[in-house]
Amino acid sequence: MPELPEVEVIRQGIAPMLIARTIIRVKSSGLALRLPIPRTKIERYIKDQPITAVRRRAKYLLVNMANNAALIIHLGMTGRLGMFRADQSPAPHDHLCCLLDNGLELRFNDTRRFGSIQVLPPDSDEGHFFAALGPEPLGDDFTVDYMQNRAGKRRQPLKNFLMNSHVVAGIGNIYANEITFAASISPTRTVNKISRREWQTIITSTREILQKAIAAGGSTISDFINAGGKPGYFQLQLRVYGRAGEPCPICGTAIEKTSMAGRATFWCHHCQH
DNA sequence: AAACACCCCTGCGGGC
DNA sequence: TGCCCGCAGGGGTGTT
């Protein structure tokens, strides 16, 4: 369940090991992820090209190549990236293995195959690929004006709105729960009834929680070799997610669990309005 | 247009 | 003990 902070930590971990390296051989499981693995495009545009950058947009990782092609990786629910020595035996659910010119192998492992691997050919329009995505929550475009405009007269509950990647990118179920709790606003509140002041609180809480999670992950993942995507991330204390029936860390009231848009929702009825 | 339901997939844990 | 079922949730598509 990597969300934005986890993807960012993985990016920071693998970037130094990938930049200036070249993928010289690729193996895949033959099983499709959410999309089929584009073997032909990988061979044509990705292989034998020096890697120039490893970036992130929302929960997508972008591996940029010297020919201006890009490999776009999404981890879905259970996706992991790890660096291994080439002689280490592959694990179950390894779906793509990229051998580098230094003998290390980048492996994408995904039990449930909700992830995806895509290729942007050289000089294709990256902006177009991400056109439907809302702003980065840690970027300058995530503002009170923007959120209030997007909310408009919509009567969608706040939590569902925060999880809508077309509104703001990269916030999944776990952090949506934590954000509404930190902002002391009910996840069920309809967004047309949220004040400017409350939007400011939501934005501030979002940034704080995501940045804290990134910092916690960054401090716990020190060695990506053999890590295999070992979660270094959930060191961040989750205050409501997964804590149904436990006392609210602020007031002691039992945390409630409900379902919203088919997703587990945890909140404190006393603290969040 | 907005807000849903549904689907893809596997592993795990609870209940019986 | 073993089996069945519900649940976990990102993101795309389809429906009302």
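Numbers restart at 1 for each chain; the letters A, B, ... are given by sequence-line order, proteins then strands. Note that the structure is a prediction, hence the values are computed from the model and not measured.
Annotation: side chain of A/Met65 is in contact with side chain of A/Ile46 (closest heavy-atom distance under 4.5 Å). A heavy-atom distance below 4.5 Å is found between the side chains of A/Ile194 and A/Ile202. Looking only at side-chain heavy atoms (C-beta outward), A/Asn64 and A/Val54 stay at 4.5 Å or farther from each other. When side chains are defined from C-beta on, A/Gln272 counts as touching A/Pro187, because their heavy atoms get closer than 4.5 Å.
Nearest to the side chain of A/Arg113, among B/dA3, B/dC9, C/dG10, sits B/dC9. The side chain of A/Glu3 lies closest to C/dG10 when the candidates are C/dA8, B/dT10, C/dG10. For A/Gln156, whose side chain is taken as the heavy atoms from C-beta onward, the closest listed nucleotide among B/dA3, B/dG11, C/dG10 is B/dA3. The side chain of A/Arg34 has C/dG10 as its nearest neighbour among B/dG11, C/dA8, C/dG10. Between B/dA3, B/dT10, C/dG12, one nucleotide has an atom nearer to the side chain of A/Tyr60 than all others, and that is C/dG12. Of all nucleotides listed (B/dA3, B/dC9, C/dG10), C/dG10 comes nearest to the side chain of A/Met163.
The CG-P distance, from A/Asn173 to C/dC7, rounds to 14 Å in whole Å. Protein atom CG of A/Leu162 is 14 Å distant from nucleotide atom P of B/dA3, rounded to whole Å. Between the CG atom of A/Asn164 and the P atom of B/dA2 there is a distance of 10 Å, given to the nearest Å. Residue A/Phe108 contributes atom CZ, which lies 13 Å from atom C1' of B/dC9 at whole-angstrom precision. At whole-Å resolution of the value, CG in A/Asn177 and P in C/dG10 are 10 Å apart. The distance from atom CG of A/Asn192 to atom P of B/dA2 is 12 Å, rounded to the nearest whole Å. In this structure, CG of A/Leu33 is placed 17 Å from P of C/dG10, rounded to the nearest angstrom. Between the CZ atom of A/Arg263 and the C1' atom of C/dA8 there is a distance of 9 Å, given to the nearest Å.
Counting non-hydrogen atoms under 4.0 angstrom, A/Lys257 reaches the backbone sugars and phosphates but no base.
Taking the ring centroids of A/Tyr60 and A/Phe130, they lie under the 6.0 Å cut-off.
Nucleotides C/dC3 and B/dC9 place their P atoms 23 Å apart, quoted to the nearest Å.
On a pure distance criterion of 3.5 Å, no polar donor-acceptor pair joins the side chain of A/Arg112 and the base of C/dG10.
Comparing A/Lys153 and A/Thr111 by the nucleotide of DNA chain B whose heavy atom lies nearest to each, the residue mapping closer to the 5' end is A/Lys153.
The side chain of A/His93 contributes an N or O atom lying less than 4.0 Å from OP1 or OP2 of B/dG11. Taking only side-chain nitrogens and oxygens, A/Arg154 never comes nearer than 4.0 Å to OP1 or OP2 of B/dA1. In terms of phosphate contacts, A/Asn160 brings a side-chain nitrogen or oxygen within less than 4.0 Å of OP1 or OP2 of B/dC4.
Taking hydrophobic clusters as Ile, Leu, Val, Met, Phe, Trp and Tyr residues chained together by side-chain heavy-atom distances below 4.5 Å, A/Leu106 does not share a cluster with A/Leu99.
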